[in-house]
Amino acid sequence: MSRGAAMLIMGVFTLYFLTPIWWLLVSSSKTGGDITGTAPLWFTADSIPTFFANLGNLFTYSDGVFGRWLANSALYAGLGALVGTVIAAMCGYALAKYEFRGREAIFNVVLSGVLVPATALALPLFLIFSQVKLTNTLWAVFLPSLVSPFGVYLARIYAAASVPTELLEAARLDGSSEARTFFTVSTRLMAPALVTIFLFQFVAIWNNFFLPLIMLRDQTLFPVTLGLYAWNSQISQIPELRVLVIVGALVSILPLIATFLGLQRFWSSGLGAGSVK
Amino acid sequence: MNVTRPITAPATATGVPMPRKSKTTGAQRRAVLLFVAPFGVLFLAFYAVPIIFAVVQSLLTVERKGTFGPPQQVFGGLVQYQQVFQNSEFWESVGRVLLFGVVQVPVMLGLALLFALLLDSPLLKGTKFFRLAFFAPYAVPGVIAAIMWGFLYSPSLSPFDAVTSQVNFLSADLVLWAVANIVTWVYVGYNMLIIYSSLLAIPTEIYEAARLDGASNFQIAWRIKIPLVVPAIILTGVFSIIGTLQLLAEPQTLRSFSTAISSTFTPNLAVYTTASVPNYSLAAAFSVVLALATFVLSFVFLKATQRKVSQ
């Protein structure tokens with residue numbers, strides 16, 4: 001393949017990947033009428049004031065519930081992924097660096113957990129939570145999100161490859177406790193894997209739709225995706241929501257893009273770990 | 001708990017004994033418990049128990065004493081599963097996602113592999129830009145992606161009305177492929193990066209040796225790079241199969257743009273619809289069948305592709 005052909009392929013697909021996002025950005029700066037009436041992929045004369053007006057409407061509509069949704073998503077995905085990563089890393093690390101009875105059995109159970117579709121769990125979780133009166137609470141979405149079998153799998157593979165047993169023995173000789181060695185020495189060596197696990201889980205929780213859809217009735221508990229979904233399905237009755245859905249969609253993807261860019265140099269080195277045989 | 005007798009090293013899964021027999025002390029065993037317990041408890045509570053619960057629920061059936069008596073759950077054996085197998089809408093939805101998967105997964109992974117190989121080749125300039133641009137859609141949640149593409153597809157709203165006035169992507173004939181395009185758009189870059197990072201892990205000396213033997217870029221890609229990234233392709237393949245059978249957010253969201261998506265368009269939509277009727281037992285039986293199907297398909301795919309690799 002020639003250099004020109006390679007660049008052409010990549011150029012065409014760059015348009016494919018970025019045009020919808022560009023359209024979203026441009027449309028966020030238009031009034032409801034202008035979205036269909038003006039050049040779809042370019043700004044209008046008063047784009048900047050319109051954008052801020054839309055933004056203002058977004059955060060004040062319905063008592064500012066959108067801000068609430070963003071905060072909920074940050075809580076579910078941010079805190080959930082953080083705690084979930086620590087829990088998965090501890091388990092994967094133990095499976096990689098200690099010999100104990102049942103080790104392979106536990107690993108195999110976790111591995112088959114990777115293959116269980118999360119949506120198949122959502123309905124039985126709803127039934128269980130409704131018996132203990134936990135549906136329609138923050139916990140109903142937060143607690144199940146903490147479990148990441150894939151995180152354990154990644155942590156085990158990465159810990160086995162990157163934490164030398166000699167180092168653990170040296171730490172033991174120095175009198176460091178097992179937990180202290182893990183939190184001060186091993187986690188540093190596992191950093192790329194930890195960032196990767198965090199990101200995988202952050203995205204999975206942020207994008208999770210089925211679980212909040214069936215668990216939550218109270219819209220102040222919604223994550224941002226479910227909130228925008230609800231608005232979008234009301235557009236035919238309340239047309240002014242169209243602009244809010246478009247601006248809201250743009251605002252809701254910014255945190256993820258910022259997280260990716262901020263953590264990029266860490267995760268790109270850990271991403272391949274899962275495919276190592 | 002404080003017994004410090006050494007235990008013999010257990011054999012690993014492959015039957016090879018551990019290289020070093022280190023003493024496992026009581027402190028270490030307590031540490032293992034400390035490390036494994038949090039995940040273990042959560043896994044039991046939010047994976048194992050729901051699976052068992054779903055199986056139990058799927059075996060129950062609702063009975064009423066007389067016509068107006070209170071409903072009561074009684075053991076109904078495999079009644080629900082009989083209903084699952086007689087439910088033509090459910091099987092149509094399964095057929096639909098299988099058709100979807102057979103087309104979408106190879107196209108998506110083929111593109112991901114092509115992009116990864118191009119990024120790894122000496123042909124491209126600005127690889128960092130392409131990497132980010134192609135990966136950006138992964139930051140867009142399925143619901144948001146479906147809303148965006150819903151606007152782009154709509155004949156009345158689309159910026160590409162030259163196209164959408166000719167082809168109605170939201171019609172019954174095309175809407176499945178409209179969903180396929182959304183899923184591909186979101187996940188190609190993600191799969192590309194997994195394959196690309198495993199390409200980066202290949203030592204470059206291999207290429208130098210091949211080049212000295214007169215191999216072209218294409219031959220290096222075809223005969224060296226692709227075979228070495230097969231594990232990464234398998235991983236992305238398994239995730240794609242799981243994702244296909246789980247399809248829910250995109251079709252459910254597109255329903256507000258298209259009347260061509262029924263309430264049982266995908267198996268998960270059928271589960272959701274059945275649960276909101278509510279018929280929890282039948283919905284649980286759907287879930288169990290779906291989970292088993294996903295598990296079996298992923299497992300068969302893993303085994304089939306791994307055998308191919310070892311040959």
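All chains are named by letter (A, B, ...) in the order of the sequence lines, taking the proteins before the strands, and each is independently numbered beginning at 1.
Both the backbone and the side chain of B:Ser287 come within less than 4.5 Å of a heavy atom in chain A. Residue contact with chain A, scored on non-hydrogen atoms closer than 4.5 Å, involves the side chain of B:Val271 exclusively. Proximity to chain B (any heavy atom under 4.5 Å) is shown, for A:Ser27, by neither the backbone nor the side chain. Of the atoms belonging to A:Leu254, not a single heavy atom falls under 4.5 Å from chain B. Contacts of B:Val188 with chain A are made by side-chain atoms alone, with heavy-atom separations under 4.5 Å and no backbone atom involved. For B:Pro267, no part sits under 4.5 Å from any heavy atom of chain A, backbone or side chain. Heavy atoms of B:Leu114 lying under 4.5 Å from chain A belong exclusively to its side chain. Using a 4.5 Å cut-off between heavy atoms, B:Gln57 touches chain A through its side chain atoms alone. Interface residue A:Ile9: only side-chain heavy atoms are found under 4.5 Å from chain B. The part of B:Ile242 that comes within reach of chain A is its side chain, from C-beta onward, which places non-hydrogen atoms under 4.5 angstrom from that chain. Looking at B:Phe257, the atoms closer than 4.5 Å to chain A (heavy atoms on both sides) all sit in the side chain, from C-beta outward. For B:Leu42, the parts lying under 4.5 angstrom from a heavy atom of chain A are both the backbone and the side chain. Heavy-atom distances place no part of B:Ala201 under 4.5 Å from chain A, backbone and side chain included. Contacts between A:Leu123 and chain B at a heavy-atom distance below 4.5 Å involve the side chain alone, from C-beta outward. Neither the backbone nor the side chain of B:Leu245 comes within contact range of chain A; no heavy atoms are under 4.5 Å apart. Neither the backbone nor the side chain of B:Phe286 comes within less than 4.5 Å of any heavy atom in chain A. Both the backbone and the side chain of B:Leu124 come within contact range of chain A, judged by heavy atoms closer than 4.5 Å. Heavy atoms closer than 4.5 Å to chain A are found nowhere in B:Val229, neither backbone nor side chain. Contacts of A:Val224 with chain B are absent, with no heavy-atom separation under 4.5 Å from either backbone or side chain.
Annotation: maximal heavy-atom pairing with chain B below 4.5 Å, among A:Ala122, A:Ser177, A:Cys91, occurs at A:Cys91. Contact count against chain B (heavy-atom pairs under 4.5 Å) is highest for A:Pro20 among A:Ala6, A:Ala88, A:Pro20. Most heavy-atom pairs under 4.5 Å with chain A: of the set B:Leu152, B:Thr236, B:Leu290, B:Val186, this distinction falls to B:Leu152. Counting heavy-atom pairs closer than 4.5 Å to chain A, the top residue among B:Phe239, B:Phe218, B:Tyr196 is B:Phe239. Of the residues considered (A:Ala179, A:Ser236, A:Gly113, A:Ser233), A:Gly113 shows the highest number of contacts with chain B, using heavy-atom pairs under 4.5 Å. Among the candidates A:Ala120, A:Pro149, A:Ala94, the residue making the largest number of heavy-atom pairs closer than 4.5 Å to chain B is A:Pro149. The candidate from A:Ala89, A:Gly84, A:Ser252, A:Ser148 with the greatest count of non-hydrogen atom pairs under 4.5 Å with chain B is A:Ser148. Interface summary for chain A: among B:Ala31, B:Ala54, B:Gly126, B:Ala133, the most heavy-atom pairs under 4.5 angstrom belong to B:Ala133. For the options A:Ile246, A:Leu115, A:Ile253, A:Val109, heavy-atom pairs under 4.5 Å to chain B are most numerous at A:Leu115. For the options B:Leu111, B:Asn268, B:Val36, heavy-atom pairs under 4.5 Å to chain A are most numerous at B:Asn268.
Note that the OG1 atom of A:Thr14 and the CZ atom of B:Phe134 stand 4.0 Å from one another [nearest 0.5 Å]. Rounding to the nearest 0.5 angstrom, the gap separating the OH atom in B:Tyr47 from the CG atom in A:Leu125 is 9.5 Å. Separating the CD atom in B:Gln28 from the OH atom in A:Tyr98 is a distance of 6.0 Å, to the nearest 0.5 Å. Note that CD1 of A:Ile257 and CZ of B:Phe135 are 10.5 Å apart. Values are rounded to the nearest 0.5 Å. Taking CD1 of B:Ile144 as the start and CH2 of A:Trp206 as the end, the distance is 9.5 Å to the nearest 0.5 Å.
Contact annotation: the side chain of B:Leu132 never approaches that of A:Phe260 to less than 4.5 Å [non-hydrogen atoms, C-beta and beyond]. Residues A:Met10 and B:Phe129 are not in side-chain contact: their nearest non-hydrogen atoms beyond the backbone lie 4.5 Å or more apart. Between B:Tyr280 and A:Phe126 the shortest side-chain heavy-atom distance falls below 4.5 Å. Side chains of B:Val49 and A:Ile128 form a contact here, defined as non-hydrogen atoms less than 4.5 Å apart. The shortest distance between side-chain heavy atoms of A:Tyr229 and B:Gln252 falls below 4.5 Å. B:Phe39 has its side chain out of reach of A:Met90: every pair of non-hydrogen atoms, C-beta onward, lies at least 4.5 Å apart.
Checked against the 6.0 Å centroid threshold, B:Phe130 and A:Phe13 do not count as a close aromatic pair.
Between A:Phe209 and B:Leu248, the closest heavy-atom pair is CD2-CD2, 3.9 Å. Closest heavy-atom contact between B:Pro38 and A:Ile87: C-CG2, 4.0 Å.
Side-chain polar atoms of B:Asn181 and A:Tyr16 form a donor-acceptor pair below 3.5 angstrom.
In this structure, A:Phe200 and B:Tyr190 have perpendicular ring planes: the angle between them is above 60°, well past the 30° mark. A:Tyr93 and B:Phe35 have perpendicular rings, their planes meeting at more than 60° on a 0 to 90° scale where under 30° would count as parallel. Under the 30°/60° scheme for interplanar angles, the aromatic rings of A:Phe129 and B:Phe46 are found to stand perpendicular.
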Show, in sequence, the C-alpha distance, side-chain angles and deciding distance for A:Arg242 and B:Phe151, and conclude whether the side chain to side chain contact (heavy atoms under 4.5 Å, CB included) test is met.
CA-CA 10 Å; A:Arg242 177 166 295 142; B:Phe151 282 112; 3.5 Å; yes

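At least one donor-acceptor pair closer than 3.5 Å links the side chain of B:Trp185 to the backbone N or O of A:Phe17.
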